[in-house]
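Atoms within a ligand are numbered from 1 in the order they appear, just like the ligands themselves.
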Amino acid sequence: MNCLDIPKHIAIIMDGNGRWAKKHALPRRAGHVAGAKAIKPIVIHCNKIGVELLTLYAFSTENWNRPKDEVDSLLKLIRHYINNMYSYIKYNVKIRFFGDLRVFDQQIIDKMKQIEEEFDKNTGMTFGIAINYGGKDEIKNAAKEIARKVTAGELKLGDIKEKTIEEHLYTKGFSNVDLLIRPSGEYRISNFLIWQSAYAEFLFMENILWPDFKTKHIDIAIEEYNKRNRTYGSVK
Ligand code: IPE
Ligand code: IPE
Ligand code: MG
C-alpha cells in the first residue's frame, strides 16, 4: 500500500451486528459480542498503516429506541469493553471517548478519563469511540454553550466562526473525516459526525456485516478512496 494516500481520519459506522446474529441463528446480543471482537484488528491495522485518527460509532442517541433488554446488553458490553481496554496500551494508540458520556456511572467515567490520560504518552494513532453520540445532539450542545458565552459577555456574536463551533463539539481537536465507511449495505449516515463529514468521502460497503469486517476491508476502502477526486468545490 506504499504509494497510496492514507486518509488521516477514517470513521466507521459499525453496522450489521443484528443481521449477522440472525444469519447465524443467534440472539442479537451475540451479534454485538462478535462486533466488539472485530474492533481490535482494525485498530491495530489502521495504526500500522499510518491512519492518524480512527473513530468508531458504538452507540447512537437513537439507539435508545431499541428494546430495553438490547439497550441494556449493549451498554453492559460497552462497559465491559472499557474495563478491559488497558490491553490496547501496547499498540501505542491514544484513546478518546466522545458523546454524552453522562449515561455512565462514575466508576466508568473515571475509568475512561484514566485510560485517556494514561494512553496520552503513546505516539501512534488516536482511536475515538463514539458512545451515546448524536451529531445533532453535539451541535445543539455547542450552540447552547456558545449562546451562554455570548449572553455572559464572554464571546462576541461577530466573533463566532466555524472554528468556534468546532471548538465546542465533542470532537474538539479532531481533524475532519476523510473517509467514512459503513458496512452492511445501509446508505445513510445515521447522525454520525455530520458536521465533521461535510467533505468526507463515503463508502457504503455491501455484502459485509460489521462482525465479519477484516483488515482487508480497510485496504479495499483505502484503494477506493484513492480513486476519488477530492475537489472541495474547486476544479482539479
Ligand atoms: C450495529 O449493529 C450495532 C449498534 C447499533 C450498536 P445493528 O444492531 O444495528 O445491526 P443490524 O443493523 O440490526 O443488522
Ligand atoms: C448506527 O447504526 C449506530 C451505530 C452503529 C452505533 P443503526 O443500525 O443504529 O442505525 P440505523 O437504525 O440503521 O439508522
Ligand atoms: Mg443497524
Side-chain angles (χ1 to χ4, degrees), residues 9-43 46 53-85 95-104 108 112 126-141 169-171 174 177 179-198 200-214 217-218 221:
H9 180 176
I10 297 182
I12 307 181
I13 300 175
M14 304 187 286
D15 197 18
N17 295 352
R19 277 162 283 174
W20 183 93
K22 197 171 178 191
K23 196 171 129 190
H24 295 271
L26 292 165
R28 290 182 61 85
R29 193 187 174 279
H32 297 313
V33 171
K37 285 206 182 105
I39 294 173
K40 197 179 265 184
I42 302 304
V43 173
C46 286
L53 174 62
L54 173 72
T55 49
L56 302 183
Y57 205 5
F59 191 91
S60 77
T61 47
E62 286 69 38
N63 286 147
W64 294 102
N65 295 328
R66 297 186 178 208
K68 189 178 179 301
D69 63 337
E70 180 165 353
V71 169
D72 288 349
S73 78
L74 266 168
L75 291 176
K76 201 172 150 203
L77 186 65
I78 293 170
R79 185 178 270 116
H80 179 76
Y81 203 86
I82 293 167
N83 272 321
N84 288 284
M85 275 193 85
I95 310 261
R96 287 287 177 272
F97 300 96
F98 63 101
D100 185 353
L101 303 174
R102 293 169 305 175
V103 61
F104 289 120
I108 290 293
M112 290 191 286
T126 298
F127 168 27
I129 310 169
I131 309 168
N132 196 19
Y133 173 88
K136 286 193 173 185
D137 180 59
E138 178 182 44
I139 294 167
K140 175 205 74 187
N141 289 337
L169 298 176
Y170 296 130
T171 56
F174 286 16
V177 178
L179 173 62
L180 187 136
I181 304 170
R182 182 170 191 158
S184 94
E186 304 300 342
Y187 289 73
R188 54 178 169 263
I189 192 166
S190 298
N191 206 10
F192 193 39
L193 299 174
I194 50 180
W195 172 286
Q196 301 85 340
S197 295
E201 295 299 326
F202 289 82
L203 185 60
F204 298 102
M205 300 176 87
E206 293 172 3
N207 310 318
I208 179 73
L209 302 168
W210 173 254
D212 293 327
F213 199 93
K214 300 278 186 299
H217 296 102
I218 290 289

For atom 4 (C) of ligand 2, the closest protein heavy atom turns out to be Y57 CD2, 3.8 Å
The Mg ion (ligand 3) reached by D15 (N, O or S, under 2.8 Å): yes
Tell me: protein heavy atom nearest atom 13 (O) of ligand 1, and distance? R28 NH2, 3.1 Å
Give me the nearest non-hydrogen protein atom to atom 12 (O) of ligand 2 as residue plus atom name, then the distance to 0.1 Å. R188 NH2, 4.4 Å
Given that the side chain starts at C-beta and the backbone is N, CA, C, O, which of these parts of E186 lies under 4.0 Å from ligand 1, counting heavy atoms, or is it both or neither? neither
Working to the nearest 0.5 angstrom, can you tell me the gap between H80 NE2 and I82 CD1? 11.5 Å
Counting only heavy atoms not in H24 (residues, nucleotides, ligands), do more than 12 fall under 6.0 Å from its NE2? yes
Check the orientation of Y133 and F192. Use parallel for under 30°, tilted for 30 to 60°, and perpendicular for over 60°. perpendicular
Can you find a non-hydrogen atom of G16 under 4.0 Å from ligand 1? yes
A student checking ligand 1 against R66 at a 4.0 Å heavy-atom cut-off should list atoms 5 (C), 7 (P), 8 (O), 9 (O)
Would you say K22 contacts ligand 1, with heavy atoms under 4.0 Å as the rule? no
Do F59 and I129 touch side chain to side chain, with heavy atoms closer than 4.5 Å? no
Under 4.0 Å from one or more heavy atoms of G18, ligand 1 contributes atoms 7 (P), 8 (O), 10 (O), 11 (P), 13 (O), 14 (O)
Measure centre to centre between the rings of Y187 and F202, then say whether the value is under 6.0 Å. no
Best match, R182, R19, E62: closest heavy atom to atom 10 (O) of ligand 2: R182
Starting from atom 2 (O) of ligand 1, which protein heavy atom do you reach first, and at what distance in Å? N17 N, 3.2 Å
Heavy atom under 4.0 Å from ligand 1: found in N63's side chain, backbone, both, or neither? side chain
Will you find, in the side chains of R96 and T171, an N or O donor that is under 3.5 Å from an N or O acceptor? no
Answer yes or no: does atom NZ of K40 have more than 12 heavy-atom neighbours from other residues, nucleotides or ligands under 6.0 Å? yes
Name the closest protein heavy atom to atom 14 (O) of ligand 2, giving the residue it belongs to and the distance to 0.1 Å. S190 OG, 2.6 Å
Which of the atoms of ligand 2 are close to F59, meaning less than 4.0 Å from one of its heavy atoms? 6 (C)
Are any of the N or O atoms of D15 closer than 3.5 Å to those of ligand 1? yes
Are a donor atom and an acceptor atom from the side chains of T55 and H9 found within less than 3.5 Å of each other? yes
To check your reading of the model: name the closest protein heavy atom to atom 5 (C) of ligand 2, its residue, and the distance in Å. M14 O, 3.4 Å
With heavy atoms of A58 as the reference, note each atom of ligand 1 found under 4.0 Å away. 6 (C)
Do N141 and Y170 meet the criterion of a side-chain donor-acceptor pair at a distance under 3.5 Å? yes
Shortest non-hydrogen separation from A21 to P27 and the atoms involved: CB-O, 3.3 Å
Count the heavy atoms of every other residue, nucleotide or ligand shown that sit under 6.0 Å from NZ of K22, and state whether that count exceeds 12. no
